[in-house]
S.K.: 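Following this message is one structure expressed as structure tokens.
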Number of protein chains: 2
Amino acid sequence: MSDHTKAVVNLVYTANIISDKITDALKPFDVSTPQFNVLRILRGQKGKPANLSTIQERMIHKMSNTTRLVDKLIDKNFVKRHTCEQNRRKVEIFITNDGLNALIEMDKAVCEAEQQIIVELSKEELNTLNNLLDKLRV
Amino acid sequence: MSDHTKAVVNLVYTANIISDKITDALKPFDVSTPQFNVLRILRGQKGKPANLSTIQERMIHKMSNTTRLVDKLIDKNFVKRHTCEQNRRKVEIFITNDGLNALIEMDKAVCEAEQQIIVELSKEELNTLNNLLDKLRV
DNA sequence: TTACTATAATTGTATATACAAATGTTTATT
DNA sequence: AATAAACATTTGTATATACAATTATAGTAA
């Protein structure tokens with residue numbers, strides 16, 4: 001196997017293992033990884049609402065169906081949605097207090113899972129890894 | 001964002017971009033990435049059949065439903081399946097000549113896509129990346 | 001032999017995702 | 001003002017995936 005094939009396979013394979021661990025960490029909260037990421041994006045808005053298109057741009061997992069993902073979060077009372085009055089095509093999505101509180105707990109669980117994965121790497125190695133990945137995505 | 005969170009997000013995000021590019025490269029052949037990987041596993045058997053459980057172990061993407069994935073490959077005439085005579089619980093799956101020939105073309109397309117992704121990294125950087133990823137998965 | 005356990009694969013069901021088409025709204029053009 | 005074009009989201013449909021339950025076969029112990 002050529003070096004670049006090996007790197008690609010290695011990268012995808014490793015990312016998959018990590019994704020699985022994060023999925024496991026989120027299981028007690030009954031949210032999927034994309035749902036968790038949407039909650040983090042909404043928290044990052046610091047009170048400002050986010051449109052669907054904004055959320056979609058920022059998601060790690062590209063997601064053709066953000067509408068239904070948000071529906072699930074509404075069912076759980078983690079977010080609220082209403083149409084934007086200035087531009088009635090848009091919707092405005094907010095994270096609720098319930099959502100914020102749940103997110104704190106999720107963060108703890110996910111952070112713990114991440115640390116367990118990364119524990120083998122030194123601070124310097126982490127930096128190297130980040131730089132190589134950044135370079136890869138030029 | 002902490003260094004380890006950044007690395008995890010970076011890794012999963014990058015792997016996702018790569019997966020998308022590989023999916024695109026395979027689109028002309030009408031096979032999904034897991035299907036492509038199964039074909040590669042079967043070619044690696046060098047004529048020997050593989051059982052479903054063997055395939056499942058080796059797959060990059062863990063796949064609860066290998067039966068139906070193989071069904072799709074049979075529909076395309078890329079693999080054959082029959083039950084193992086020594087142990088009738090098992091099935092034996094072979095890659096066909098059609099499958100082998102198609103796989104050669106797929107390899108070309110995927111290899112090209114991979115090289116386009118990896119082009120920014122030197123041989124030494126590729127090695128570093130591979131080592132860091134290996135370390136991560138201890 | 002019969003019952004029990006383990007193994008290997010398949011099937012059923014719910015949910016997730018990708019892609020395309022449709023809906024409703026705003027902006028631009030004539 | 002009427003029509004067309006662009007935008008933002010939603011809905012429909014097919015396929016993929018995860019998880020649990022089921023079927024069929026093989027091995028083991030009473």
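Computed from a predicted model, the values in this text were never measured in an experiment. First the proteins, then the strands, lettered A, B, ... as listed; each starts at 1. Only heavy atoms go into these numbers, but all of them, side chains included; no hydrogens, no water, no symmetry mates.
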S.K.: Identify, between B:Glu85 and B:Gln35, the residue whose nearest nucleotide on DNA chain D lies closer to the 5' end.
M.R.: B:Gln35
S.K.: Taking only side-chain N and O atoms of A:Arg88, does any of them lie within less than 4.0 angstrom of OP1 or OP2 on C:dT27?
M.R.: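 It does not, given that no N or O in the side chain of A:Arg88 lies less than 4.0 Å from OP1 or OP2 of C:dT27.
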S.K.: Starting from the 5' end of DNA chain C, give me the residue, B:Lys27 or A:Lys72, whose nearest nucleotide shows up first.
M.R.: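 Per heavy-atom nearest nucleotide, the more 5' residue is A:Lys72.
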S.K.: Once side-chain contact (heavy atoms from CB on, under 4.5 Å) is applied, do any residues pair with B:Arg43, and if so which ones, sequence neighbours excluded?
M.R.: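 By the side-chain contact (heavy atoms from CB on, under 4.5 Å) rule, B:Arg43 matches B:Arg40, B:Leu100, B:Leu103, B:Asp107.
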S.K.: Sequence neighbours left out, what passes side-chain contact (heavy atoms from CB on, under 4.5 Å) with A:Cys111? Give chain and number order.
M.R.: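 So A:Cys111 forms a side-chain contact (heavy atoms from CB on, under 4.5 Å) with A:Gln115, B:His4.
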S.K.: From CD of B:Gln56 over to C1' of D:dT17, roughly how many Å is that when rounded to an integer?
M.R.: 12 Å
S.K.: May I ask you to evaluate whether A:Arg81 reaches the phosphate of D:dA8, defined as a side-chain N or O under 4.0 Å from OP1 or OP2?
M.R.: no
S.K.: Which residues pass the side chain to side chain donor-acceptor pair (under 3.5 Å) test with B:Glu120, not counting sequence neighbours?
M.R.: none
S.K.: Mind calculating the distance between NZ (B:Lys76) and C1' (D:dT15) to the nearest angstrom?
M.R.: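 Interatomic distance, NZ of B:Lys76 to C1' of D:dT15: 11 Å.
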S.K.: Without decimals, in angstroms, what is the distance between A:Asp20 CG and D:dC19 P?
M.R.: 9 Å
S.K.: To the nearest Å, how far apart are A:His82 NE2 and D:dA8 P?
M.R.: 18 Å
S.K.: Under the side-chain contact (heavy atoms from CB on, under 4.5 Å) rule, collect the residues that match up with A:Ser53, sequence neighbours excluded.
M.R.: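 Listed in chain order: A:Asn51.
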S.K.: For the pair made of CD1 in B:Ile74 and P in C:dA9, what is the distance, rounded to whole Å?
M.R.: 13 Å
S.K.: Tell me: CD1 of A:Ile93 to P of D:dT10, nearest whole Å?
M.R.: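 From A:Ile93 CD1 to D:dT10 P: 7 Å.
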S.K.: B:Asp71: what forms a salt bridge (charged side-chain N to carboxylate O under 4.0 Å, His left out) with it, not counting sequence neighbours?
M.R.: B:Arg81
S.K.: Which atom pairs link the protein and nucleotides 6-8 of chain C when you take only N or O atoms and keep those under 3.5 Å?
M.R.:
unit_1	atom_1	unit_2	atom_2	d
C:dT7	O2	B:Arg89	NH1	3.1

S.K.: Between B:Leu11 and B:Leu133, is there a side-chain heavy-atom distance shorter than 4.5 Å?
M.R.: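 A side-chain contact exists here, since the closest heavy-atom pair is under 4.5 Å.
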S.K.: Flag the pair A:Ser19 / B:Val12 as yes when at least one side-chain heavy-atom distance between them is below 4.5 Å, and no otherwise.
M.R.: yes
S.K.: Give the rounded distance in Å between these two atoms: CD of A:Gln86 and C1' of C:dT27.
M.R.: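 Between C1' of C:dT27 and CD of A:Gln86: 17 Å.
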S.K.: Between atom CG in B:Asn37 and atom P in D:dA16, what is the gap in whole Å?
M.R.: 14 Å
